[in-house]
Undergrad: 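Would you mind keeping the following structure in view while I ask a few things?
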Amino acid sequence: MCRFLIFKGRDPILLAHLLTRPEHSIINQSYDSRLRIDQRRPINGDGFGVGYYTTESDPELGDAPCIFCATTPAWNNMNLARLAEKTKSNMVFAHVRASTSGVLSETNCHPFSYHSLMFMHNGQIANFSRIKRKFVDHMGDEYFVHIQGGTDSEWAFALFLDCLSRLGVDPARNVEGTTGFGHEVIRKALEQTISFVREWCNECSQLGDEPSLLNFAVTDGHSVVVTRYITSRTEEAASLHFSTGSKFIEYMPGQYRMERRDRRQDVILVASEPLTFERSDWVTIPTNTVLTINNQTVLLHPIIDEFYQTDLSVPRSSNFAASRGLVSPIVEPQAHTNVHLPPLEREGRRRLSVTA
């Protein structure tokens, strides 16, 4: 399956520090994934994409992200290496693909975009062909005709746009000087997207169906909302981790770590698979959780639905995710990480409360 990476920083970073230079960069993960157990698809070689927002406020450039995609393997694309060495941004989405649906084409490469919004997915919608008609019947024409490829991921993005529109927000709005749509409405639309997928899968379920893996990521260039989710009460979702600090530094060639000089979160990384080998750098996001980044603050929200575990001491099995190379027995929450819970959710999931 796929891998994705998100960077949000107060200051722009050279893309090479995320994509090519680290020994375990997302590009290296595309052919040397330390977490991959599924030998049916031993590499993420079905294309890649990187999307970023320009750091200069220039009306001529607009607020839409710049996206570069290709169907060639990420490790073998000279243009990507050249671009990464000469481009800086404070908001970056990167994705390497191992396809589960859709043919090999640039239209099926992540991230996808719509005006200022950008979207990625790691996982799969179970029995997508069986519920695809429900997507068509539900969403408005504007978002249906925007779909260019054949992946379940792009259809999920179109559904998200429709959910955002039904909340009274125009996904195409472009108001100069604004700070985006706001993390709360983006989170609500993404949770509704998951709810529709869960409902339609339940309606079309058959004995022996696999669960859906819905690690979604969306940004408007200001806020970021990410989900780690699976339609199961007993299985773990695909791996997802985050790291925060004052600076992401290269302390020796190819070796990086998250520097923490104080309690600031000047740098925030979210990754399917960690970019460093320092265990203390990374916190595992719990299954069926939404992570939001707003003003360099990380917030965690449990998704409370039929798959929510009220007894958090009951462990989930990693068998399903492991069979697809998507499980990471890596880190538990670290005490130094500044994670904030909304007051009404602190009691609902105590294990997320890791604020220093």
Side-chain angles (χ1 to χ4, degrees), residues 2-9 26 91-95 110-111 117-123 156 160 180-195 213-230 236-245 248 258 265-275 281-305 307-309 312 316 321 326 328 330-334 336-346 348-356:
C2 312
R3 293 287 188 271
F4 68 54
L5 165 70
I6 298 164
F7 168 86
K8 187 175 188 296
I26 191 170
M91 176 74 79
V92 182
F93 271 29
H95 188 281
H110 310 223
L117 291 161
M118 190 160 51
F119 181 94
M120 299 186 295
H121 175 208
N122 179 22
F160 164 79
F181 301 103
H183 66 99
E184 292 181 346
V185 70
I186 293 176
R187 173 194 162 200
K188 188 172 182 179
L190 201 56
E191 288 180 340
Q192 287 184 0
T193 302
I194 289 175
S195 179
L213 292 159
L214 307 179
N215 284 17
F216 293 144
V218 63
T219 182
D220 58 0
H222 301 276
S223 302
V224 180
V225 181
V226 189
T227 62
R228 184 185 181 210
Y229 186 85
I230 186 171
E236 286 281 3
S239 63
L240 196 62
H241 316 275
F242 75 94
S243 180
T244 65
F248 187 60
M258 186 64 76
Q265 298 181 119
D266 294 335
V267 174
I268 300 173
L269 292 171
V270 182
S272 302
E273 188 168 341
L275 271 66
D281 282 351
W282 298 91
V283 175
T284 301
I285 300 171
T287 287
N288 288 16
T289 297
V290 181
L291 177 146
T292 64
I293 305 173
N294 178 52
N295 294 326
Q296 297 303 120
T297 298
V298 175
L299 299 139
L300 296 175
H301 313 263
I303 299 176
I304 302 176
D305 57 17
F307 300 115
Y308 175 70
Q309 287 185 346
L312 302 181
R316 288 175 176 263
L326 294 172
S328 170
I330 181 167
V331 291
E332 295 301 323
Q334 304 295 318
H336 59 250
T337 304
N338 299 320
V339 179
H340 303 276
L341 281 176
L344 295 178
E345 297 183 0
R346 290 177 185 145
R349 181 163 286 190
R350 291 182 182 275
R351 68 176 173 181
L352 301 190
S353 184
V354 293
T355 304

Undergrad: Quick one: pull up CG in Asn122 and CD in Glu273 and give me the separation to the nearest 0.5 Å.
TA: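 Going from the CG atom of Asn122 to the CD atom of Glu273 covers 10.5 Å.
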Undergrad: Take Leu240 and Val226 through the test side chain to side chain contact (heavy atoms under 4.5 Å, CB included) and record every step on the way to the result.
TA: CA-CA 9 Å; Leu240 196 62; Val226 189; 3.6 Å; yes
Undergrad: Determine whether Thr289 and Thr227 make a side-chain contact, defined as any pair of heavy atoms from C-beta on separated by less than 4.5 Å.
TA: no
Undergrad: Does the side chain of Phe307 reach to within under 4.5 Å of the side chain of Thr287, using non-hydrogen atoms?
TA: no
Undergrad: Locate the shortest heavy-atom distance separating Val267 from Gln296; write the atom from each residue and the value.
TA: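 Heavy atoms of Val267 and Gln296 come nearest at N-NE2, 4.1 Å.
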Undergrad: With a 4.5 Å limit on heavy-atom distance, are the side chains of Phe7 and Val270 in contact?
TA: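 When only atoms from C-beta onward are counted, Val270 and Phe7 do not touch, as no gap falls below 4.5 Å.
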Undergrad: If you look at every heavy atom in Ala271 and Leu5, which pair is closest and at what distance?
TA: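 It is CB-CD1, 4.0 Å.
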Undergrad: Dump the intermediate steps for side chain to side chain contact (heavy atoms under 4.5 Å, CB included) on Val218 and Met118, then the final yes or no.
TA: CA-CA 6 Å; Val218 63; Met118 190 160 51; over 6 Å; no
Undergrad: Carefully, step by step, assess Arg316 and Ile230 under the rule side chain to side chain contact (heavy atoms under 4.5 Å, CB included).
TA: CA-CA 11 Å; Arg316 288 175 176 263; Ile230 186 171; 4.1 Å; yes
Undergrad: Shortest non-hydrogen contact from Ile6 to Ala217?
TA: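 Shortest heavy-atom separation between Ile6 and Ala217 comes out as CD1-CB, 3.6 Å.
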Undergrad: Which heavy atom in Met258 sits nearest to a heavy atom in Asp281, and how many Å separate them?
TA: N-OD2, 3.2 Å
Undergrad: Could you tell me the separation between the CD1 atom of Ile304 and the CD atom of Gln309, rounded to the nearest 0.5 Å?
TA: 12.5 Å
Undergrad: Apply the test side chain to side chain contact (heavy atoms under 4.5 Å, CB included) to residues Ile303 and Ile194: give CA-CA distance (whole Å), side-chain angles for both, the deciding distance (0.1 Å), then the verdict.
TA: CA-CA 10 Å; Ile303 299 176; Ile194 289 175; 4.2 Å; yes
Undergrad: Ignoring hydrogens and geometry beyond distance, is a side-chain donor-acceptor pair present between His95 and Arg3 at under 3.5 Å?
TA: no
Undergrad: Measure the shortest side-chain to side-chain distance between Met91 and His222 over non-hydrogen atoms and say whether it is less than 4.5 angstrom.
TA: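 With C-beta onward as the side chain, the pair stays apart.
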Undergrad: Enter the distance from Gln265:CD to Lys8:NZ here, rounded to the nearest 0.5 Å.
TA: 10.5 Å
Undergrad: Got Ile186 and Phe160 here, is their nearest side-chain heavy-atom distance under 4.5 Å?
TA: yes
Undergrad: Can we say Glu191 and Arg187 salt-bridge, meaning some charged N sits less than 4.0 Å from an Asp/Glu carboxylate O?
TA: yes
Undergrad: Are Pro302 and Tyr308 packed together at the side-chain level, in the sense that at least one heavy-atom pair is separated by less than 4.5 angstrom?
TA: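 Yes, side chains in contact.
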Undergrad: Among Phe181, Phe93, Phe119, which one satisfies side chain to side chain contact (heavy atoms under 4.5 Å, CB included) with Thr219?
TA: Phe93
Undergrad: Does any part of the side chain of Phe242, heavy atoms only, come nearer than 4.5 Å to the side chain of Leu269, both counted from C-beta?
TA: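 Contact flag for Leu269/Phe242 side chains = no.
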Undergrad: Between atom OG1 of Thr244 and atom CD1 of Ile268, what is the distance when rounded to the nearest 0.5 Å?
TA: 6.5 Å
Undergrad: For the residue pair Trp282 and His241, categorise the inter-ring angle as parallel (less than 30°), tilted (30 to 60°) or perpendicular (more than 60°).
TA: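 Ring orientation of Trp282 relative to His241: perpendicular.
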Undergrad: Determine whether Ile293 and His183 make a side-chain contact, defined as any pair of heavy atoms from C-beta on separated by less than 4.5 Å.
TA: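 Side chain of Ile293 against side chain of His183, heavy atoms only: no contact under 4.5 Å found.
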Undergrad: Where is the tightest heavy-atom contact between Thr193 and Phe216, given as atom of each residue plus distance?
TA: CG2-CE1, 4.4 Å
Undergrad: Provide the closest heavy-atom pair for Ser223 versus Gly182 in the form atom of the first, atom of the second, distance.
TA: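 For Ser223 and Gly182, the tightest heavy-atom pair comes out as OG-C, 4.1 Å.
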